[in-house]
Amino acid sequence: MIRRIRPGHWLALDRLAAIGYAFVAFLLLADEVRGPERFAVVPLGVIASALPIALRRQRPVVAFGIALAGLVAAELVERSTIILGMLSVAYVLYAVAVLCRPRAAFLALGMALAAAAATGVPGFPRIGGAPVISVLLFTTVWTVGYAVGMHRRHLGELLRNQARLAKQSVTDERMRIARELHDVIAHGMSVVTVQAGFGALVIDDRPQEARAALTAIETTGRQSLAEMRRLLGVLREEDRSEKPDLAPAPGLAGLDRLLEQVAGAGVRVELTTTGLPRALPPGIDLSAYRIVQEALTNVVKHAAAGSARVTLRYGPDELSVEVADDGLGCRKDDGPSPGHGLVGMRERAHLYGGTFHAADLPEGGFRVIATFPIPSTEHPA
C-alpha cells in the first residue's frame, strides 16, 4: 500500500497534519487568549508553528526558517507557545535532515541547537543554561532523519548503477549481435553477386540455369533484407571503435563440435532432435546456436552439473531450443541484477520475434527454453 502512495498524497497528508496540529494547539491554548493583545499573538504563534508542517516536503529550508523564527518569537513575545514552536522545529528538522544535502542538514542542526540554548519550556529542567528537552529532541530527530536520508541516497545510487549496468549490458550484447549479423548479410550479398554474375554469363545459352540463379538471388535477397530490417529496428547506435569479426558465422550444424568441447570440460551433453530438421534463415540459425553455446557455458561455469540435455524441436512453423542440466540451479534472471548471459539469450530470441524463459527445475537443475518462429520460404510467383 505504501508503494501506491504518490508524492501528491504525502503533500496532502502534510497539509492535513498541519491543520490538525493547529486545531489541537488552539484548543490547548484557548485559556491563554485573554485581552486584545494576546488574542492576536497566540493565534499568530500557532500559525507560525503549523505552517512549516505543511511546507516541509516542498520547501524544507523555508519551512525550517519559519519554524525557527516562530520559536525565537515565542521566547521574546509569547512564552506560552514555546512548546508549539519546539515541536514544529523538531518536525521540520527531521525533513531537512532527510531531504537536504549534508551541509544544509548540519547547518540546520546547529541553528536549532543555538535556538534551544536561548529558549526553554517553562517548568522543564536546564543543564548548563540549555534546556535538556529541546536539545535531546532536536538531536534525536536530526540523527534519525540524517540516517534515513543517507540510506535513501545510497539506495538511489545503487538503483541508478544497476540501471546503468543493465543498459550497458544490453547495448554490448546488441553490438555483438550486430557484428554477427554482419557476417550473415555479407554472406548473402556475396551469394547475390556470384549468382548475378553467373546468370549474366549463361542467360543466352542456358536460360534454365539463369532462371535458377535469379531464383537464388530472390531468396537470398529476401533473407538479407529481413536481417537488415531487424538489425535497424533494434540497434540505434553503431560502435565504430571496434572492427567487426569477419569469421564465418556458426549454426546448429556445428553443434557436434560444441558438445565435444563441453564434454572435454567435464559435462556430458545429450543432444536430441525431434521433428524434421530443415534449413533455417541464417540469423535464426546463428542465434539458436549462440543460445545453446551460452547456456552450456553457464552450465560449465556455474551449475556444478555432471550432465546436460540439449533438445531441438522442429515444428511446422517454429523452432524450439531447450537446454537443461542437473546442477545447482538458482541462476534466475528475475532479480534486480540479471546475468549478462541471460540478457543476451533473451535479446537473441526477441530479435526474431521469439520467446525466452529461464527457471529452476522442480527436481533440481536449471533450464532455458527459446522458441523462434520460422518464416515460410514459399513465395507467390
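- Atoms OG1 and CD, from Thr274 and Glu322 in turn, are 10.0 Å apart once rounded to the nearest 0.5 Å.
- By the criterion of side-chain heavy atoms lying less than 4.5 angstrom apart, applied directly or through intervening Ile, Leu, Val, Met, Phe, Trp or Tyr residues, Met150 is grouped together with Leu109 in one hydrophobic cluster.
- In terms of hydrophobic clustering, with Ile, Leu, Val, Met, Phe, Trp and Tyr side chains grouped at heavy-atom distances under 4.5 Å, Val310 and Ile291 are assigned to a common cluster.
- Nearest heavy-atom pair, Met345 versus Ala295, reported as atom, atom and distance to 0.1 Å: SD-N, 4.0 Å.
- Sorted pairs that involve residues 268-278 and meet salt bridge (Lys or Arg N to Asp or Glu O under 4.0 Å), not counting sequence neighbours, are lacking altogether.
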Starting from the C-alpha separation in whole Å, work towards a yes-or-no answer on side-chain contact (heavy atoms from CB on, under 4.5 Å) for Leu271 and Asp256. CA-CA 9 Å; Leu271 175 63; Asp256 291 337; 4.1 Å; yes

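- Counted within 6.0 Å of NE2 on His350, heavy atoms from surrounding residues, nucleotides or ligands total more than 12; the atom is thus considered enclosed.
- Across all non-hydrogen atoms, the minimal contact from Phe366 to Val368 is CE2-CG1, 3.7 Å.
- Aromatic ring centres of Tyr146 and Trp142 lie closer together than 6.0 Å.
- Val321 and Tyr314 fall within a single hydrophobic cluster, where Ile, Leu, Val, Met, Phe, Trp and Tyr are joined by side-chain heavy atoms under 4.5 Å apart, directly or via other members.
- Two residues are said to be in side-chain contact when any heavy atoms from C-beta on lie closer than 4.5 Å; Leu255 and Leu252 meet this criterion.
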Let's go through Leu68 and Met111 carefully: what are the C-alpha distance in whole Å and the side-chain angles of both, what is the deciding distance for side-chain contact (heavy atoms from CB on, under 4.5 Å) to 0.1 Å, and is it a yes or a no? CA-CA 8 Å; Leu68 195 64; Met111 296 176 64; 3.6 Å; yes

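- Here CD1 of Ile53 is found 11.0 Å from CD1 of Ile19. Values are rounded to the nearest 0.5 Å.
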Validation: residues 85-107 side-chain donor-acceptor distances under 3.5 Å, sequence neighbours left out:
from  : atom 1 : to    : atom 2 : distance (Å)
Ser88 : OG     : Ser49 : O      : 2.7

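- No chain of hydrophobic side-chain contacts below 4.5 Å, direct or via other Ile, Leu, Val, Met, Phe, Trp or Tyr residues, connects Phe64 to Leu51.
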Apply side-chain contact (heavy atoms from CB on, under 4.5 Å) to the pair Val323 and Thr311, showing each step before the final yes or no. CA-CA 7 Å; Val323 180; Thr311 305; over 6 Å; no

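- By the neighbour-count criterion of 12 heavy atoms within 6.0 Å, atom CD1 of Ile203 is sparsely surrounded, having that number or fewer from other residues, nucleotides or ligands.
- Thr371 and Thr355 are linked by a side-chain donor-acceptor pair at a separation below 3.5 angstrom, with hydrogens and angles left out of the test.
- For the atom pair CD (Gln293) and CG (Leu286), the distance works out to 9.5 Å, reported to the nearest 0.5 Å.
- Interatomic distance, NE2 of His357 versus CG of Leu342, reported as 11.0 Å (0.5 Å rounding).
- Atom CZ of Arg309 sits about 8.0 Å away from atom CZ of Arg367, to the nearest 0.5 Å.
- With salt bridges taken as basic N to acidic carboxylate O contacts below 4.0 Å, one links Glu157 and Arg160.
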Derivation and outcome, side-chain contact (heavy atoms from CB on, under 4.5 Å), residues Asp325 and Ser307: CA-CA 6 Å; Asp325 63 71; Ser307 64; over 6 Å; no

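- Atoms CD1 and CG, from Ile374 and Asp317 in turn, are 8.0 Å apart once rounded to the nearest 0.5 Å.
- Here the closest non-hydrogen pair linking Ala349 and Phe356 is CB-CB, 4.0 Å.
- The minimum heavy-atom distance between Tyr352 and Ser287, with the atom names listed, is CE1-OG, 3.2 Å.
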